[in-house]
Amino acid sequence: MREVFLPRTLDELWDLLHRRPEAAIYAGGTDVLVKLRAGLITASGLICLERIQELKGVRDQGDEVYIGAATTHRTLLADPVIQEHFPILIQALNVLGSPPIRNMGTIGGNLVTASPAGDTLPPLYVLDAEVEVRWGDGAKRLPLSQFILGPGKTSLGPGQLLTGVRLRKSADYNVHHFEKVGQRKALAIAIVSLAAVLQVSDSGRIEKARLAWGSVGPTVIRSVEVESALEGRIISRDTLTKAAALAQTAVSPIDDIRAGEAYRRTVAGNLLLRLINYAR
Amino acid sequence: MPDGRIPQIGVVFPRTDALTKVSGEEKFAADYYGQDLVWAGVKRAGIPHARLKSLDVDQARQVPGVIAVLTHLDIPGENRQGVVRKDQPVLVDDKVRHAGDALALVLAESKPALAAALNSIRCELEPLPGVFDPEQALAEGAPLVHEDNPEGNLLLKAEVKTGETESVWEECAAVIEACFETPHQEHCFLETESGWAKVESNGKIVIVASTQTPFRDRTEVAQVLGRDHTGIRVIAPYAGGAFGGKDGITVQSLLGLAALHSQGRPVKMWWDREESFSAGTKRHPARMYYRLGAKADGTLHAVEVRLYLDTGPYDHLGGAVMTQAVEHSGGPYRIPHAWLRGWAVYTNNPIGGAFRGFGVAQVTAAMEQMMDLLAAKLDLDPVQIRLKNAVRRGDKNCVGVTLTGSAGLSECLEKMAAHPRWQERQTWIRAAGLLKRRGVGLAAVMQAVGYGPFVPDVANAKVELTLEGKIRVYSGVVDMGQGNAATNLQIAGSILSQTPAQMELILPDTDRTLPSGSASASRCTYTFGNALIGAAQALKERILQRSADLLMAAGPDELVLVSGLVRRVTTGQEIPLAVLAKWLTDAERIAVYRFRAPVAQERPAKDDQVRLHGLPHCIFSYGAHLAMVEVDELTGAVEVKGYLAITDSGRVLNPQTYEQQIHGGIVQGLGYALSEDFRVTDGLIQTSDLATYIIPTAMDVPDMLSIPVEINEPTGPFGLKGVGEVAMNGPLPAVANAVAAACGGRCYSFPLTSERVLQLMTAS
Ligand SMILES: Cc1cc2nc3c(=O)[nH]c(=O)nc-3n(C[C@H](O)[C@H](O)[C@H](O)COP(=O)(O)OP(=O)(O)OC[C@H]3O[C@@H](n4cnc5c(N)ncnc54)[C@H](O)[C@@H]3O)c2cc1C
């Protein structure tokens, strides 16, 4: 038998973390329970974040939007602020797992799992998200790209908690595009994904481009080179094909049971051609 | 919800098991627990081929909570089982022949104790070179899976030759040659292999199992336990899916053995998904070499087929699957010259076994692509070339059997040709969006009904008028989810004019119901339904006759049976069935009837072994399938946008259950076509769970249209033929043909993953 703790406040949580430093934290449990079943987590206790209200919900703070780490994907999908300002996150959440997984899984869990295939990661990278980390008597704020260090690795120290995600509202982008390539249409782990936010002028010129790829490297891949190959150019097959070739050298995918390295590399580039749909 | 109406044939009859399943009230084998439950589990080999040097279970016996650790030395009877050839050990005694082989059986107080004990079993296994490809396994010098098999790694070869074989190819205007490969397919039933057993105070072993074959299981378990079959009772509740994966022994023998060592306590075994993958059977992978020739007008002239089926290490109906593949390998066509050969070959891969389609899904995948290749070469319309050659009643099929039963393939194809999804395909294809390509493909399908000529395809139905005045129907054939139990109530209810509330259903139970064969081979309602009609009519006659006697009527003509009572229409007198029942002896309240399915008299294969394994059949269901696909140029992803299945499986008893069978077959077939990429490397499964083995979700299922062509089958109950399998065979070739049309090239290995299709598009 394993003890499960259900703290209701952050203070209760700090206290628990102090008393049971070996316990494993979970929010929705959709990653943790899989690992428990496989025997990959052996902690004698589990601490659930679900009841801590401070960790839940979306707060509109003017220029910024704050998302509590234990907010479920389902809640985010239904949130009008997220819908209005971060449609690319909505697109990614729509293809994350399945309805039951979205009902349970949280954004914090997705980030701390730090899988290169995590679906919220590429959108949050292109949105330059920052995360808030807290511990018993301290807090810090850092860019997501510094928080995630590698597959399954974050910069969270012992006793530290991811408490929230901060997103800056921006009117810069008028194209918000997320595409995930999986082995089926739901319950699919990304083989490759692409998040792209673009500012496209009335004449069809890309003024600004932010791109991020999932599942083609140890963490999310960004490429300034590819972004600059797009910026200042009209959306056209030619432009996109050239950028695709650059993207194919920027990514560093692996072979696994889901797809081969070559396929991932090819498709990472190919996905840019989808942007032709936004040509004026 | 029991419907207040008397069931009628041909209209929707709500399933009697629907509510109990949805509410959780229905008890599956996996739901049996009980006081003082003992958990049983198995130590699996984990390597594909090895000599068993020693097995050290002492430490495992010391684990707290362990009740017993059993090895092959504890098996009282024969340590070999199998339906045809007995070659599979219950617990390994000499050699491990695949990674899922069972080495030891543990009984424990709890699941953690069970897991701990399984982990402390030490086995010394000396690895042996394995053989993992059926053609290589047949080569000289290949490692042997069974040293004592006189034919090396060959389990069975089947050969059928009609007409000429040599000169005929020169007479063809077009000849196509190709080789196709299809993978393993996992059944993925919701309820993994499970069961429960207990020795009763009278010494009888009761086994409740998720099985398609309770009566056969009883015999097999009896042999393993060295007892008479009367000492064993097998009960088969509704199975939570089976699809062929429970056609034979899974947990039954192990549970019987465990029950002998559990000190009268109930024992439960329930494989988890990973164990189901490693130890359970799968659809046979096939390598299929085809040569097909036709005259310039498209008339098929000759076909030559060589099929290599990887049966894994044991004969889990592998010989029968291969034989059925050979029988269907020329498709539902008239072909005067056919040379069809198949080999079921032992390897150290996972076990090949029965799976919806039973060898036919593989050969249809190949043959229907051959038909499209041929049509393209001769510049003929794919519907027309099929129509031209489609077997009709009275024709000889590709193994030379004269079709005496109904044959509606032409009708299916004609309906397809006229259907808007075919007629308007060019418009639909042209409407493909940016970076998308569209194609429409079709396939003709058929599926034999029943066991074939040798193994008696028999059912024994039993119907009882209970003392409470209800009609009790004893289902002889398992309902694994397809709804045949409810259909039995529909049939009996319609003959005896009883509402569902007036009826009771007894699910298969070797102590209560009569042997009626397996739930397989598209035979459940065909064979059992025929028997049930006989039994229900006999009971009806008896009820009316005895009521006539009681009421001193001149004869039964004055009487009618309505729900719950008999009415004398000439006088208005009524006898409730509960009253009548008391006037009958126990024996009179029961009617039984036996039915044996007709068999073909031809002997297309010279080898009697082939006949024994089921060739030939005489009744077939048919169909025409159409798939509308859209291929993504950037990713190679294939999306099925629409699907049409036009089916001849005779008359439709219940349109709802019928459609569910068609829809289910299509979905399972689409998984086989597109995503179920079962991978085995050197005998080890790489896709070992549902996170890596990709079955379709609701989101992947297209809009499916099912249209029945209701031709009366003269030998069928109310004119029906089996519908459980036929739809499984169409999706792979229909999708493959559609993808080929969209991409201008063809893959020859399946499934059509995005990766394969993108490669194809890059190459062509
Ligand atoms: C069937 C299935 C399908 C899935 N499909 C997808 C998919 O399509 N795309 C996708 O991206 N993911 C998918 N996942 C993975 C998972 O659902 C997501 O990663 C989800 O967002 C995890 O959230 P959670 O709250 O359930 O995490 P949990 O399992 O509760 O936790 C995950 C990890 O994060 C840690 N953690 C959680 N919250 C915090 C916090 N606030 N501070 C510090 N550490 C924390 C936990 O200790 C643990 O290490 C799937 C999972 C399953 C089981």
Side-chain angles (χ1 to χ4, degrees), chain A residues 1-2 30-31 34-35 37-39 94-101 115 117 177 179-194 215 235 237 240-241 244 247-248 253 255-279, chain B residues 110-112 115-116 118-119 272-274 433-436 630-641 667 670-671 673-681 684-702 751-763:
Chain A
M1 283 302 245
R2 200 175 256 119
T30 59
D31 281 317
V34 173
K35 288 184 184 153
R37 180 179 179 273
N94 262 323
V95 292
L96 190 154
S98 61
I101 294 296
S115 159
H177 174 87
E179 180 170 359
K180 161 160 118 174
V181 179
Q183 290 170 290
R184 63 185 160 205
K185 286 200 207 154
L187 289 171
I189 297 180
I191 288 173
V192 192
S193 63
L194 169 68
S215 266
I235 297 185
R237 233 173 218 276
L240 296 172
T241 307
Q248 282 156 354
D255 268 324
D256 69 11
I257 191 72
R258 296 190 172 85
E261 182 267 339
Y263 176 77
R264 285 193 155 97
R265 191 180 292 282
T266 306
V267 174
N270 285 1
L271 288 185
L272 285 174
L273 279 112
R274 196 83 66 203
L275 299 174
I276 196 81
N277 284 317
Y278 304 99
Chain B
S110 67
K111 286 215 265 185
L118 289 172
N119 274 331
D272 64 17
R273 185 62 65 186
E274 288 83 350
L434 212 51
L435 304 168
K436 305 280 182 188
E630 186 168 275
V631 183
D632 190 282
E633 291 180 353
L634 301 181
T635 64
V638 176
E639 184 178 355
V640 181
K641 299 289 236 184
V667 174
L670 289 176
L674 293 170
S675 62
E676 297 187 31
D677 197 5
F678 196 95
R679 277 194 259 164
V680 184
T681 308
L684 299 179
I685 299 170
Q686 307 298 306
T687 44
S688 54
D689 56 30
L690 291 175
T692 47
Y693 182 71
I694 305 297
I695 58 174
T697 67
M699 299 287 292
D700 299 284
V701 174
L752 295 175
T753 57
S754 306
E755 192 162 0
R756 284 206 171 101
V757 174
L758 189 66
Q759 237 163 36
L760 172 75
M761 282 191 291
T762 315

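Just so it is clear: chains get the letters A, B, ... in the order the sequence lines come, proteins before strands, and each one is counted from 1. Just the heavy atoms: all of them, side chains too, but no hydrogens, waters or symmetry mates, feed the values below. Nothing here was measured: the structure is a model prediction, and the numbers come from that model.
- For T266(A), the part lying near chain B is the side chain, with the backbone staying farther off; criterion is any non-hydrogen pair under 4.5 Å.
- Taking Q686(B), E633(B), R679(B) one by one and counting their heavy-atom pairs under 4.5 Å with chain A, the maximum is reached by R679(B).
- In this structure, chain A has no heavy atom under 4.5 Å from any part of Q759(B).
- Looking at S675(B), only its side chain comes within 4.5 Å of chain A, counting heavy atoms on both sides.
- Both the backbone and the side chain of R274(A) come within less than 4.5 Å of a heavy atom in chain B.
- For R237(A), the CZ atom is loosely surrounded, since the number of other residues' heavy atoms within 6.0 Å does not exceed 12.
- With contacts defined as side-chain heavy-atom distances shorter than 4.5 Å, the pair N277(A)/L434(B) qualifies.
- The side-chain heavy atoms of K641(B) and P702(B), taken from C-beta on, include no pair separated by under 4.5 Å.
- For the options G269(A), G182(A), A244(A), A186(A), heavy-atom pairs under 4.5 Å to chain B are most numerous at A186(A).
- Contact annotation: the side chain of L273(A) approaches that of T241(A) to within less than 4.5 Å [non-hydrogen atoms, C-beta and beyond].
- With hydrogens and angles disregarded, no donor-acceptor distance shorter than 3.5 Å links the side chain of Y263(A) to the backbone of D255(A).
- In this structure, the portion of D632(B) lying under 4.5 Å from any heavy atom of chain A is its side chain and not its backbone.
- Considering only heavy atoms from C-beta on, T697(B) comes within 4.5 Å of D700(B) through its side chain.
- Most heavy-atom pairs under 4.5 Å with chain B: of the set I257(A), V267(A), I189(A), L187(A), this distinction falls to I257(A).
- Looking at I694(B), both its backbone and its side chain come within 4.5 Å of chain A, counting heavy atoms on both sides.
- Taken to the nearest 0.5 Å, the CD atom of E755(B) stands 8.5 Å off from the CZ atom of R264(A).
- Of the two parts of L674(B), neither the backbone nor the side chain holds a non-hydrogen atom closer than 4.5 Å to a non-hydrogen atom of chain A.
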